[in-house]
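Working notes for the structure below.
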Amino acid sequence: MNYWLMKSEPDVYSIDDLARDGSTHWEGVRNYSARNNMRKMELGDLVLFYHSNAKPPGVAGIARVVKTAYPDPHQWDRNSKYHDPKSTKDDPRWSMVDVEFVEQFAELVPLDRIKATMGLENMVLVKRSRLSVQPVTPQEFAIVKRLGKG
DNA sequence: GCCAACGTTGGC
DNA sequence: GCCAACGTTGGC
């Protein structure tokens, strides 16, 4: 069992949207580090759902991986903003996973709280702030989850 | 809206 | 393979 953090802009897709939909395709990741992390995901892995570009930014809840990495079809859709003309069907460049809703935190865990919490100072979120799909240690996951209970 | 950080592209 | 130019992310 692995733990991850995935970022989404709530204006585009929020934890409320995931709660409503039940599950979603995580399409549109166009960064190699983030893609490689998605390819390491296993069924049942738990994901901290992070709201980026939000006021305030922070972890809003938990999701679970229900489908492991498979080619993101948007890479071949000429009308999609995720279209990648260099990606071929024989060698798909971009992957996505499916995740399902697990829980919404009673309280958002804001980024500034994460930065100020002992045990979370080495989170990738803090160290490499731009990576949109990143690993989280079991300890970090447990601390964030506890903070989310309010 | 600004801009620092940083990932990607492409000329050489 | 280097690195300057460029584009994007995301906190503020």
Side-chain angles (χ1 to χ4, degrees), chain A residues 2-21 24-41 45-65 68-99 101-137 139-150:
Chain A
N2 308 302
Y3 298 94
W4 309 94
L5 180 148
M6 298 175 93
K7 296 180 187 174
S8 183
E9 299 188 25
D11 289 348
V12 177
Y13 198 84
S14 72
I15 190 84
D16 300 291
D17 295 317
L18 184 60
R20 180 199 62 217
D21 295 344
T24 193
H25 311 302
W26 207 276
E27 78 274 8
V29 170
R30 293 294 179 270
N31 168 283
Y32 290 104
S33 300
R35 180 205 69 182
N36 292 343
N37 286 332
M38 281 201 298
R39 288 181 175 178
K40 292 177 196 156
M41 289 181 180
D45 282 1
L46 293 176
V47 177
L48 296 174
F49 192 109
Y50 181 85
H51 282 173
S52 63
N53 265 318
K55 285 176 252 175
V59 179
I62 296 174
R64 180 190 292 116
V65 176
T68 55
Y70 60 105
D72 179 346
H74 296 84
Q75 66 197 305
W76 299 304
D77 177 358
R78 302 172 66 84
N79 297 319
S80 171
K81 66 172 177 171
Y82 300 128
H83 180 237
D84 183 347
K86 292 183 180 169
S87 180
T88 65
K89 296 257 183 185
D90 291 340
D91 185 18
R93 179 176 290 192
W94 303 112
S95 300
M96 64 188 209
V97 297
D98 291 358
V99 302
F101 177 77
V102 175
E103 66 170 281
Q104 177 161 15
F105 286 161
E107 246 180 52
L108 181 98
V109 182
L111 178 62
D112 57 6
R113 182 121 191 252
I114 287 171
K115 287 178 173 171
T117 300
M118 239 198 324
L120 300 181
E121 59 278 324
N122 290 319
M123 279 189 78
V124 178
L125 184 68
V126 177
K127 297 280 174 183
R128 262 185 86 194
S129 58
R130 283 185 51 185
L131 188 58
S132 64
V133 179
Q134 50 182 262
V136 172
T137 69
Q139 295 82 0
E140 289 164 348
F141 186 90
I143 295 170
V144 173
K145 183 176 177 182
R146 181 158 40 77
L147 292 175
K149 294 197 184 302

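Just so it is clear: chains get the letters A, B, ... in the order the sequence lines come, proteins before strands, and each one is counted from 1.
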Which is more 5' along DNA chain B, the nucleotide nearest A:K127 or the one nearest A:N53? Just name the residue.
A:N53
Angle between terminal axes - the helix from B:dG1-C:dC12 to B:dC12-C:dG1, 5 pairs each end, rounded to 10°
10°
Any residue meeting side-chain hydrogen bond (donor to acceptor under 3.5 Å, both in side chains) with A:D45, in chain and number order, not counting sequence neighbours
A:N2, A:W4
Assess whether a salt bridge exists between A:K115 and A:D112, defined as any Lys/Arg side-chain N lying under 4.0 Å from an Asp/Glu carboxylate O.
no
dist A:K127:NZ -> A:Q134:CD (nearest 0.5 Å) comes out at 13.0 Å
Tabulate below the donor-acceptor pairs under 3.5 Å that side-chain atoms of residues 48-65 of chain A make, not counting sequence neighbours, or state none.
{"from": "A:H51", "atom 1": "NE2", "to": "A:I15", "atom 2": "N", "distance (Å)": "3.1"}
{"from": "A:N53", "atom 1": "ND2", "to": "A:E9", "atom 2": "OE2", "distance (Å)": "3.3"}
{"from": "A:R64", "atom 1": "NH1", "to": "A:E100", "atom 2": "OE2", "distance (Å)": "2.5"}

Say whether A:S33 and A:N36, considering side chains only, have a donor N or O and an acceptor N or O under 3.5 Å apart.
no
For nucleotides 3-5 of chain C, list the nitrogen or oxygen atoms of the protein found under 3.5 Å from its nitrogen or oxygen atoms, one pair per line.
none

Rounded distance (nearest 0.5 Å) linking atom CG of A:L120 with atom CE of A:M123
6.0 Å
Report the C-alpha distance between A:H74 and A:H25 in whole Å, list the side-chain angles of each, state the deciding distance to 0.1 Å, and finish with yes or no for side-chain contact (heavy atoms from CB on, under 4.5 Å).
CA-CA 11 Å; A:H74 296 84; A:H25 311 302; over 6 Å; no
Minimum-distance pair of heavy atoms, taken over all atoms of A:R35 and A:R93:
NH1-O, 2.9 Å
Produce a footprint string for nucleotides 7-12 of chain B: one letter per nucleotide, 5' end first; B if the base is under 4.0 Å from any protein heavy atom, S if only the sugar-phosphate is, - if neither.
SS-S--
When every non-hydrogen atom of A:V99 is compared with those of A:W26, the smallest separation belongs to CG2-CE3, 3.8 Å
With A:W94, which residues qualify under ring-ring contact (aromatic ring centres under 6.0 Å, His included), at least two apart?
A:Y32
